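Here is the structure we will look at.
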Amino acid sequence: MTETPDRPPIWREDFPVTAAGEDDVTRREFVRYLVLASGTFAASTIAIAAITSLRSVNEGTPRRIVSADRVKPGGEYLFRYPSEDDPAILVRLPDGDLHAFSQKCTHLGCVVTYQPDEDRLFCPCHDGVFDPATGVVLEGPPPRPLGRIDIEERHGIVWALGVQS
Ligand code: FES
């Protein structure tokens, strides 16, 4: 088919974009892809953050820790759980209840100690204070509660069952 000056070729009806306009279309599509990709990344990040915050991870396998009668009311027992690199603390409150936590402060990782007279777990690095029954932050800069270790007393032996993080 021949092209006449006053009549455009037939294919031009299907592809009406001129060479100068093709750049604009490409840029526009590029921006659409950019917006779509950014939106997808943002949505994925939000979804992952939501799933992570809702999920309770239990690490560690059940392991014997200590004979229960070795930890008197107001006393503590230091051990390592779930691995040998993880310091942990078992405390017996004055009312007799046993609780176990990671000994690593959630601020910068210093080691917390039990202070029964003050009814608290204390981090000396920046005066972080945690509740010895729940591990919740009471004072200071720690952003999160201490990692709690599930424990159970079986026939006079305290067992660690897993870490809640
Ligand atoms: Fe524990 Fe800073 S490291 S309060």
Side-chain angles (χ1 to χ4, degrees), residues 26-165:
T26 302
R27 252 184 250 131
R28 203 172 297 139
E29 285 176 352
F30 178 72
V31 170
R32 277 195 199 123
Y33 279 123
L34 213 55
V35 169
L36 184 66
S38 300
T40 304
F41 280 126
S44 303
T45 304
I46 291 169
I48 290 169
I51 290 168
T52 304
S53 67
L54 292 176
R55 192 179 57 162
S56 178
V57 179
N58 188 317
E59 294 177 15
T61 53
R63 186 157 60 82
R64 297 164 59 110
I65 300 302
V66 66
S67 174
D69 59 9
R70 279 190 54 189
V71 189
K72 304 294 181 203
E76 68 182 22
Y77 181 81
L78 304 181
F79 62 107
R80 296 194 171 259
Y81 190 84
S83 78
E84 285 304 306
D85 297 329
D86 300 308
I89 185 168
L90 173 71
V91 298
R92 187 183 290 278
L93 303 183
D95 66 6
D97 283 350
L98 284 166
H99 300 279
F101 304 96
S102 164
Q103 210 181 1
K104 286 185 198 165
C105 176
T106 55
H107 182 220
L108 295 177
C110 291
V111 169
V112 301
T113 57
Y114 181 40
Q115 296 181 331
D117 296 341
E118 305 280 341
D119 189 31
R120 68 183 188 176
L121 289 161
F122 181 67
C123 176
C125 290
H126 309 99
D127 297 334
V129 177
F130 300 88
D131 186 314
T134 62
V136 165
V137 179
L138 299 177
E139 288 175 34
R144 296 183 310 281
L146 290 173
R148 192 168 57 83
I149 298 171
D150 289 334
I151 55 171
E152 187 176 277
E153 196 174 328
R154 298 177 185 166
H155 309 293
I157 304 293
V158 179
W159 284 68
L161 304 178
V163 175
Q164 298 290 325
S165 49

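Every number for a ligand or one of its atoms is a count from 1 in the order of the listing. Quick caveat, the model's predicted, so the values are computed rather than measured.
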Metal check, atom 1 (Fe) of ligand 1 vs C110 N/O/S, cut-off below 2.8 Å: no
Give, for atom CD of E76 and atom CZ of R92, the distance between the pair rounded to the nearest 0.5 Å. 13.5 Å
Looking at C105, which atoms of ligand 1 are within less than 4.0 Å of one of its heavy atoms? 1 (Fe), 3 (S), 4 (S)
Strictly under 2.5 Å separating the two SG atoms? Check that for C105 and C110, please. no
Parallel under 30°, tilted from 30 to 60°, perpendicular over 60°: which one fits the rings of F79 and Y77? parallel
Output the atom name for the N/O/S atom of H126 with the smallest distance to atom 2 (Fe) of ligand 1. ND1
How far does CD1 of I65 sit from CZ of R80, to the nearest 0.5 angstrom? 12.5 Å
Once rounded to the nearest 0.5 Å, what's the spacing between atom CH2 of W159 and atom CD1 of I151? 13.5 Å
For residues V158 and V71, determine if any side-chain heavy atom of one lies less than 4.5 Å from a side-chain heavy atom of the other. no
For atom 2 (Fe) of ligand 1, decide whether C123 has an N, O or S atom at a distance under 2.8 Å. no
L108 heavy atoms, cut-off 4.0 Å: which ligand 1 atoms fall inside? 3 (S)
Starting from atom 2 (Fe) of ligand 1, look over the N/O/S atoms of H107 and name the nearest one. ND1
Give the atom numbers and elements of ligand 1 that come within less than 4.0 Å of a heavy atom of G128. 4 (S)
